[in-house]
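In what follows, a structure is listed as structure tokens, so that the remarks can point back to it.
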Amino acid sequence: MGAENSSVTEFILAGLTDQPGLQIPLFLLFLGFYVVTVVGNLGLIMLIGLNSRLHTPMYFFLFNLSLIDFCYSTTITPKMLMSFVSRKNTILHAGCLTQLFFFCFFVISESFVLSAMAYDRYVAICKPLVYTVTMPPKVCLLLLLGVYVMGFSGAMAHTGSIASLIFCADNFINHFVCDIPPVLELACNSSYVHELVVFIVVTIVIGMVTVTISISYALILSSILHIHSTEGRSKAFSTCSSHIIVVFLFFGSGAFVYLRPPSALPLDQGKVSSLFYTIVVPMLNPLIYSLRNKDVKAALRKTLGKINFS
């Protein structure tokens, strides 16, 4: 957002609501969400790092998913909490651009981490005999490098597009974060090209990720259906059920916000949808993987046992 082309030097974030009676209750609610998010994701990171049994490709990607969720939530939630307790929640021009960049970087990175996890589950279930050969540490690192390269590229495309917008007078962002649709609403030059850039980038990201995940799970489902024993099918499905839940939560809410023209959904409804995948999903991810994963629960009991023994 080149400041030299704009009379706006700072923005005012509307926050989630302007009703005084809801400010403190919502502050306490989302502070609780943030504490659970931080404790859950950092706890899962430490658990994976401390237990050698979890040093496998699946938990390598889960480690990075938790790291992304922690950073992602920290990019959004503290500033949102300020809107509940400050009379005027402002953010500088450069600060809004910075928040937008990291917001896009972590969202896109999470999308590709989830697709890498889907590929990992495909290899584990469909090709178990060659799993260690197909997913050695070098391949996992290359996949992770691709995840962050795609995240950086997408974030640069979005941020570069928004940076060329001109803001003349209105600096009131009707949102709790410097997200793309509400910022586009404030531009006094034509935003059609910028909306097109957003739609193309999001469509490419969602398209690549959707194809990868869909093909992986189609092959997984086919493989599971060919397992004769009910116990075998149940065990195979349980290894990827947590991932399926996380995928639907994240992409369902994200696609609802971005794969539409900005005028097709009121911004107030867009805020509620954004709230789900920016605040709720990063909090739920470690809980879903912890409560539905026997290896994680066993590692947690072992770690807590060591602490109690000490």
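As a basis for the values below, the full set of heavy atoms in this structure was taken, side chains included, without hydrogen atoms, waters or symmetry mates. Being a predicted model, the structure only gives us computed values, none of them experimental.
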Inset, instruction - Would you kindly confirm whether M46 and M58 end up in one hydrophobic cluster when ILVMFWY residues are joined by side chain heavy atoms under 4.5 Å apart? - result: no
Legend entry - Heavy-atom side-chain contact between F61 and V147 under 4.5 Å: no
Inset, instruction - Measure the OG-CG distance between S109 and N64 for me, rounded to the nearest 0.5 Å. - result: 9.5 Å
Inset, instruction - May I ask whether L97 and L92 are part of the same hydrophobic cluster, defined by side-chain heavy atoms of I, L, V, M, F, W, Y residues being less than 4.5 angstrom apart, directly or through others? - result: no
Legend entry - Close side-chain approach of P57 to Y131, heavy-atom, < 4.5 Å: yes
Inset, instruction - Report the relative orientation of the aromatic rings in Y122 and Y119; use parallel for angles under 30°, tilted for 30 to 60°, perpendicular for over 60°. - result: tilted
Legend entry - Atom of A118, atom of I213 and distance for their closest heavy-atom approach: CB-CG1, 3.9 Å
Inset, instruction - Under the side chain to side chain contact (heavy atoms under 4.5 Å, CB included) rule, what do T278 and V177 come out as? Steps first, then yes or no, please. - result: CA-CA 10 Å; T278 56; V177 62; 5.6 Å; no
Inset, instruction - Side-chain contact test, heavy atoms from C-beta onward, threshold under 4.5 Å: evaluate it for C178 versus T98 and give yes or no. - result: no
Inset, instruction - Could you pull out the closest heavy-atom pair between F105 and F152, with the gap in Å? - result: CD1-N, 3.4 Å
Inset, instruction - Rounded to the nearest 0.5 Å, what's the gap from CG on L81 to CG on L31? Could you check? - result: 6.0 Å
Inset, instruction - Say whether, by atom type as modelled, one donor and one acceptor occur between the side chain of E110 and the main chain of L65 under 3.5 angstrom. - result: no
Legend entry - From CA spacing to verdict: side chain to side chain contact (heavy atoms under 4.5 Å, CB included), Y59, L44: CA-CA 10 Å; Y59 295 105; L44 198 53; over 6 Å; no
Legend entry - Side-chain heavy-atom pair F112, M208 within 4.5 angstrom cut-off: yes
Inset, instruction - Apply side chain to side chain contact (heavy atoms under 4.5 Å, CB included) to the pair Y217 and L221, showing each step before the final yes or no. - result: CA-CA 6 Å; Y217 276 105; L221 181 61; over 6 Å; no
Legend entry - Main-chain N/O of I48 paired to H55 side chain as donor or acceptor, under 3.5 Å: yes
Legend entry - Reported CG-to-CD1 distance for the pair N171 and I12, which is rounded to 0.5 angstrom: 4.5 Å
Inset, instruction - Identify the heavy atoms of T159 and A155 that sit nearest to each other, and give their distance. - result: OG1-O, 2.6 Å
Legend entry - H93 and F167 aromatic ring geometry - parallel, tilted or perpendicular at 30°/60° bounds: perpendicular
Legend entry - Any side-chain heavy-atom pair of Y34 and T74 under 4.5 Å: yes
Legend entry - Gap between atom CG of L142 and atom NZ of K138 - 0.5 Å precision: 6.5 Å
Legend entry - 4.5 Å side-chain heavy-atom contact, P182 and L186: no
Inset, instruction - Indicate, with yes or no, if the rings of F63 and F60 have centres closer together than 6.0 Å. - result: no
Inset, instruction - Check whether any side-chain N or O of T37 sits under 3.5 Å from a backbone N or O of F33 as a donor-acceptor pair, and report yes or no. - result: yes
Legend entry - Considering all heavy atoms, the nearest K79-T90 contact: NZ-O, 2.7 Å
Legend entry - V149 reachable from L114 in the ILVMFWY side-chain graph, under 4.5 Å edges: no
Inset, instruction - Under the side chain to side chain contact (heavy atoms under 4.5 Å, CB included) rule, what do M150 and V209 come out as? Steps first, then yes or no, please. - result: CA-CA 11 Å; M150 293 302 296; V209 171; over 6 Å; no
Legend entry - Hydrophobic cluster identity match, L275 and M82, side-chain contacts under 4.5 Å: no
Inset, instruction - Kindly compute the distance separating CZ (F84) from CG (L28), expressed to the nearest 0.5 Å. - result: 10.0 Å
Legend entry - Side chain to side chain, N174 and E185, heavy atoms closer than 4.5 Å: no
Inset, instruction - Hey, can you tell me if F106 and F102 have their rings parallel, tilted or perpendicular (30° and 60° cut-offs)? - result: parallel
Inset, instruction - Over all heavy atoms of both residues, which pair between N41 and P282 is shortest? Give the atoms and the distance, please. - result: ND2-O, 3.0 Å
Inset, instruction - For S66 and L62, indicate whether the former's side chain and the latter's backbone hold a donor-acceptor pair under 3.5 Å. - result: yes
Legend entry - Same apolar cluster: I76 and V85, side chain cutoff 4.5 Å: yes
Legend entry - For I173 against C96, the heavy-atom pair lying closest together: CD1-SG, 4.0 Å
Legend entry - Any S83 side-chain heavy atom under 4.5 Å of L13 side chain: no
Legend entry - Point-to-point distance, once rounded to the nearest 0.5 Å, from CE of M283 to OG1 of T77: 10.5 Å
